[in-house]
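Naming convention: chains lettered A, B, ... in sequence-line order (proteins, then strands); numbering from 1 in each chain.
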2 protein chains.
Amino acid sequence: MSERIADRLRDQLEQDILTGTYAPGDRLDEVNLARRFEVSRTPIREAFQHLAASGLVDLKPRRGAFVRRPSISEIIEMFEVMAELEGMCGRLASRRMTVSQTAELNEALEACEAACSRGELDTYYYANERFHFLVYSACGNGYLCAQATALHRRLKPYRRLQLRVRGRVRRSLAEHRAIVDAIVNERPQEAEAILKSHILIQGEGFNDLVAGLEREKNGFAETG
Amino acid sequence: MSERIADRLRDQLEQDILTGTYAPGDRLDEVNLARRFEVSRTPIREAFQHLAASGLVDLKPRRGAFVRRPSISEIIEMFEVMAELEGMCGRLASRRMTVSQTAELNEALEACEAACSRGELDTYYYANERFHFLVYSACGNGYLCAQATALHRRLKPYRRLQLRVRGRVRRSLAEHRAIVDAIVNERPQEAEAILKSHILIQGEGFNDLVAGLEREKNGFAETG
DNA sequence: ATCCTGCTTCCTGTATACAAGAACCTTGAC
DNA sequence: GTCAAGGTTCTTGTATACAGGAAGCAGGAT
């Protein structure tokens with residue numbers, strides 16, 4: 001309850017940016033936000049610093065805070081790094097995973113399967129997220145886990161688009177099964193390779209993503 | 001000249017922490033620093049936020065800012081990630097590097113060789129740094145380049161210790177030659193593998209690093 | 001003697017005040 | 001009518017004021 005105001009604001013603003021309440025390019029007005037949250041500008045500014053650190057806003061000196069609009073190529077670059085980190089997590093996890101973590105991973109996989117068979121896209125989305133976070137934390141490298149988790153969060157809004165692609169969920173699920181198989185049977189190279197391509201969404205999947213992004217961008221432009 | 005005070009403070013404090021002026025575990029007193037820099041607490045606190053974001057200080061609520069003392073296992077974890085990122089940079093660079101970047105890399109390699117043959121450790125250190133930064137920027141992925149550069153900077157104080165190990169410079173140089181060879185002759189897998197192990201300093205080199213860290217830690221304790 | 005408790009003091013977190021720079025509007029000139 | 005220059009207003013960056021929690025110390029109880 002004694003949580004700092006600035007921390008609460010950071011979480012709230014992050015949420016608002018990721019969900020699109022504030023669109024890319026928008027300027028975040030300190031005074032307006034201070035009024036809206038009924039606090040002074042000080043914690044608002046502090047929250048801005050955090051958001052800038054995680055790359056969500058651009059802090060232009062004497063100009064203010066602007067919601068960042070990563071270019072498509074930037075997003076692709078981030079996915080490329082995400083693929084490498086995920087692959088690394090999988091490789092390490094297949095060597096270092098504990099018994100209880102294996103059980104959790106299987107549980108998460110089953111949750112994915114259940115959501116898929118029921119056709120519940122949102123449920124699948126969260127089960128999928130849990131699955132990946134489990135792989136991160138199973139890698140046995142706290143720093144890597146933190147980095148992977150942060151980047152995953154950063155890519156959240158774009159990752160969502162992937163699932164809208166026809167047949168993506170079913171293919172994603174099949175890959176999850178292969179990943180678990182490789183990890184629990186200690187085939188690190190294979191776990192790494194599958195996770196990498198799982199993220200990279202090569203071929204047509206990738207183009208679908210780009211197309212989705214363009215559509216999203218236009219949508220933003222209309223509302224903005 | 002119209003640089004923000006907070007930015008200047010951040011750079012200064014970062015310098016002071018990395019060079020050991022403030023030792024790990026030290027508490028950074030807002031009021032003292034404000035007096036020392038002849039500014040108010042506001043920009044000091046802003047600088048703290050930045051330092052916390054880059055992992056240099058720990059911001060404990062209602063307690064203050066403390067210089068982080070990464071545990072040895074944390075440092076090892078960071079090196080493990082660094083190795084992966086460097087390997088990725090090399091792999092991508094071997095496919096994407098431009099002609100002018102190749103020339104620059106060869107130049108940097110020659111600078112390393114010159115420094116090594118003259119036995120100038122400090123010169124080698126900087127030539128080595130330039131070499132690695134060139135690989136990062138040659139990877140063609142701006143996000144990756146930024147992440148690798150940031151982590152490299154973060155590991156700077158520990159990386160320095162590696163070079164003190166007997167014979168490390170000569171071996172490092174040989175690896176550099178092999179890296180350039182693999183990159184310019186477009187053997188991405190090889191470039192990745194060599195760079196990875198180049199960072200990981202396997203075997204005895206690794207133990208030497210840990211020993212050096214322990215010595216450094218004790219040194220800090222004595223001065224503090 | 002040691003530990004607990006309450007007080008005091010100090011420091012952080014937040015609010016507010018102030019100064020300087022940027023944007024915008026108006027007005028005048030071409 | 002358009003463009004530029006100057007001033008006005010608004011916003012950010014920094015300083016200061018204030019409030020609440022944390023650490024340290026003293027005094028009493030066991």
Separation of D:dT12 atom C1' from A:Gln49 atom CD, nearest Å, is 12 Å

Phosphate-side-chain proximity, B:Ser40 and D:dT14, N/O vs OP1/OP2 below 4.0 Å: no

Which nucleotide in D:dA17, D:dA15, C:dA23 has an atom nearest any side-chain atom of B:Arg41: D:dA17

With a 4.0 Å cutoff (strictly under), does any side-chain N or O of B:Arg27 reach OP1 or OP2 of C:dT12? yes

Measure CZ/B:Phe66 against C1'/D:dA23 and give the value in whole Å, please. 11 Å

Measure from the side-chain heavy atoms of B:Glu30 and tell me the nearest of C:dT12, D:dG13, C:dA15. C:dT12

D:dT12 P sits how many Å from A:Asp58 CG, rounded? 15 Å

Distance, rounded to the nearest Å, where B:Ile44 contributes CD1 and C:dG13 contributes C1': 16 Å

Give me the one residue out of B:Arg36, B:Arg63, B:Arg35, B:Arg41 that meets salt bridge (charged side-chain N to carboxylate O under 4.0 Å, His left out) with B:Glu30. B:Arg41

Between A:Ala6 and A:Arg63, which is nearer to the 5' end of DNA chain C once each is assigned its nearest nucleotide? A:Ala6

Step-by-step side-chain contact (heavy atoms from CB on, under 4.5 Å) determination, B:His50 to B:Glu14: CA-CA 10 Å; B:His50 282 266; B:Glu14 185 177 294; over 6 Å; no

Name the closest nucleotide to the B:Ile5 side chain, picking from D:dT14, D:dA22, C:dT14. D:dT14

Measuring from the side chain of A:Val39 (C-beta onward, heavy atoms only), which nucleotide among D:dA22, C:dT14, C:dA15 has the closest atom? C:dA15

Note: A:Glu80-A:Lys196 ion pair, threshold 4.0 Å (strictly below): no

Counting the atoms with a prime plus P, OP1 and OP2 as sugar-phosphate, which does A:Arg45 contact under 4.0 Å by heavy atoms, base, sugar-phosphate, or nothing? base

A:Leu59 atom CG is separated from D:dT11 atom C1', nearest whole Å, by 13 Å

Could you check whether B:His198 and B:His132 have their ring centres less than 6.0 Å apart? yes

Distance check needed: C:dA15 C1' versus A:Glu38 CD, whole Å only. 14 Å

Rounded to whole Å, the CZ-P distance (A:Arg35 to C:dT16) equals 13 Å

Report the nucleotide, chosen from D:dA22, D:dG13, C:dT12, that has the shortest atom-to-atom distance to any side-chain atom of A:Arg62. D:dG13

Rounded to the nearest angstrom, tell me the gap between atom CZ in A:Phe48 and atom P in D:dT14. 15 Å

Parallel, tilted or perpendicular: which describes the rings of A:His152 and A:Tyr136, with under 30° parallel and over 60° perpendicular? perpendicular

